[in-house]
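Order of appearance sets the numbers: ligands from 1, and atoms from 1 within every ligand.
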Amino acid sequence: MKLSRPLIALAWSLLVFAPLVQAGNPTPRAVSNAPDGAFVVKPYLQIGRTPAPDTLQLLWHAPDTDTDTDADWSVEHRAAADRPWGKADTLDFVPVAVAGIEPHRVYRAALTGLVPGGSFAYRVLKGGEAVFSAEARAPKRADQPFRFVAFGDCGAGTPEQKPLAHRAYLSKPDLAVIPGDMVYEYGLISEYREKFWPVYNAESPTESGSPLLRSVPFVAAPGNHDTEIRDLDKYPDALAYYLVWDQPLNGPLGEEGGPFVPSLKGSEANQRAFTKAAGKAYPRMTNFSFNYGNAHWTIVDSNPYVDWTDAKLKEWVAADLASAKDATWRFVAFHHPGFNSANEHIEQQHMRLLAPILEAGKVDIVFSGHVHNYQRSFPLRFEPLKQGTLMVGGRDRKTVRGRVVPGRWTLDQSFDGKTDTSPEGVIYIVTGAGGQKLYNPEQNDDPDSWQKFTDKFVSNAHSLTVADVDGKTLTIRQLTAEGKEVDRFVVTK
Ligand SMILES: [Fe+2]
């Protein structure tokens with residue numbers, strides 16, 4: 001281990017506590033004839049509460065007006081141009097009336113009976129008139145190859161975010177996974193409107209954004225900028241994560257003030273407005289799992305407010321991975337990387353506590369963000385030394401910032417992803433260069449500053465992960481916005 005820089009960074013971080021929040025390939029063609037004001041947020045696809053290869057959820061946000069009724073809206077879809085349109089099974093909405101943003105409704109329609117892996121068209125009608133239409137692809141079955149992209153720390157409103165979104169679109173993914181920090185700075189509904197929807201659900205593909213969300217389901221893990229803000233008096237439209245994403249609720253149910261759900265703060269009225277709009281998504285939707293193709297995905301909340309020494313939480317992850325025995329691949333996504341070589345955030349090692357469970361659960365790849373660059377570890381096994389040292393800070397000197405977790409690890413340095421494609425251990429990827437300002441570009445050409453567990457480190461360009469899963473072969477590429485390949489490796493079973 002190279003200890004000098006990390007120790008300096010660690011000492012610095014312990015002295016000067018940082019603030020809680022730091023700074024199959026559809027060819028989407030979309031037509032939107034929406035009259036002005038029909039949508040606040042245009043339709044976007046989600047995997048929903050109970051993902052399946054023949055189902056997707058379509059969500060959109062519309063103004064909450066006295067004149068609008070449920071019956072005004074309908075959704076239709078069809079598998080081919082010569083097929084009749086079929087109506088969406090269910091269509092309902094949740095009113096969102098939190099302070100700080102105009103009242104609106106989050107609509108959701110279930111698109112069911114889709115042909116797994118097949119293309120389909122859909123349209124949203126209002127008052128009997130089609131106001132939005134697009135094409136998409138149904139989720140893949142276990143016997144169908146698929147492609148996903150992953151990039152975190154994205155909705156920053158930077159110039160670099162947009163061409164990378166365009167590269168994601170050009171990559172023609174079936175699925176997109178964001179390992180946290182979807183929008184900056186505080187996870188607000190208003191910030192999604194400024195920095196997320198316009199970039200990932202643009203009308204046409206340009207360097208300023210792309211029509212991805214209407215054709216590709218996105219899945220998200222909660223980052224610190226998404227769910228750490230709990231003061232609803234200061235930020236009444238915060239915690240948008242629970243309001244705009246539609247994901248499974250099959251994780252453990254936590255209690256406010258318990259080991260993995262911090263208490264809400266703010267007036268009773270603001271708290272009630274939020275919990276009413278969030279429904280069952282709050283507080284459950286931060287740890288969940290689903291299957292896509294022949295892969296099992298486990299998404300967990302790595303925010304420092306979560307106590308990963310908690311038995312209930314650890315048992316859930318272990319049981320979830322054990323239940324995925326039929327899956328060929330096991331992928332995990334969470335925001336804070338346990339194994340990070342960048343000087344930035346190097347002290348936040350609390351997710352290392354999960355390593356033995358991930359190894360026992362035969363996880364192939366872990367995707368994280370938080371650190372705004374790209375890193376790939378050697379396949380590794382890690383044995384934490386006890387539970388590490390808790391770091392607390394903040395104004396109240398009680399805010400948990402994470403843990404420093406020393407331990408013993410075994411690296412598979414013979415794995416090169418080319419001639420040796422059978423890793424011994426878990427590969428940890430940091431793909432946090434999705435838009436926010438890059439961290440530690442000075443380390444790009446300074447391998448001596450990397451930890452021994454790091455095999456690849458790219459901090460001089462924004463990039464995204466493009467992964468192809470084809471039976472027992474997984475090919476992962478890391479691409480810049482220009483399409484330059486900065487890493488590539490293959491894993492076989
Ligand atoms: Fe982060």
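Rounding to the nearest 0.5 Å gives a distance of 12.5 Å between CZ of R272 and CG of L232. To the nearest 0.5 Å, atom CH2 of residue W197 and atom CD of residue E191 are 13.0 Å apart.
Considering just the N/O/S atoms of H370, the one nearest the Fe ion (ligand 1) carries the name ND1.
When every heavy atom of S210 is checked against every heavy atom of H166, the shortest pair comes out as OG-ND1, 3.2 Å.
At least one N/O/S atom of H335, from backbone or side chain, sits under 2.8 Å from the Fe ion (ligand 1). With 2.8 Å as the limit, H336 does not count as an N, O or S neighbour of the Fe ion (ligand 1). Because the distance cut-off is set at 2.8 Å, D181 qualifies as a neighbour of the Fe ion (ligand 1) through one of its N, O or S atoms.
Using a 4.0 Å cut-off between charged nitrogen and carboxylate oxygen, D468 and R147 count as a salt-bridge pair.
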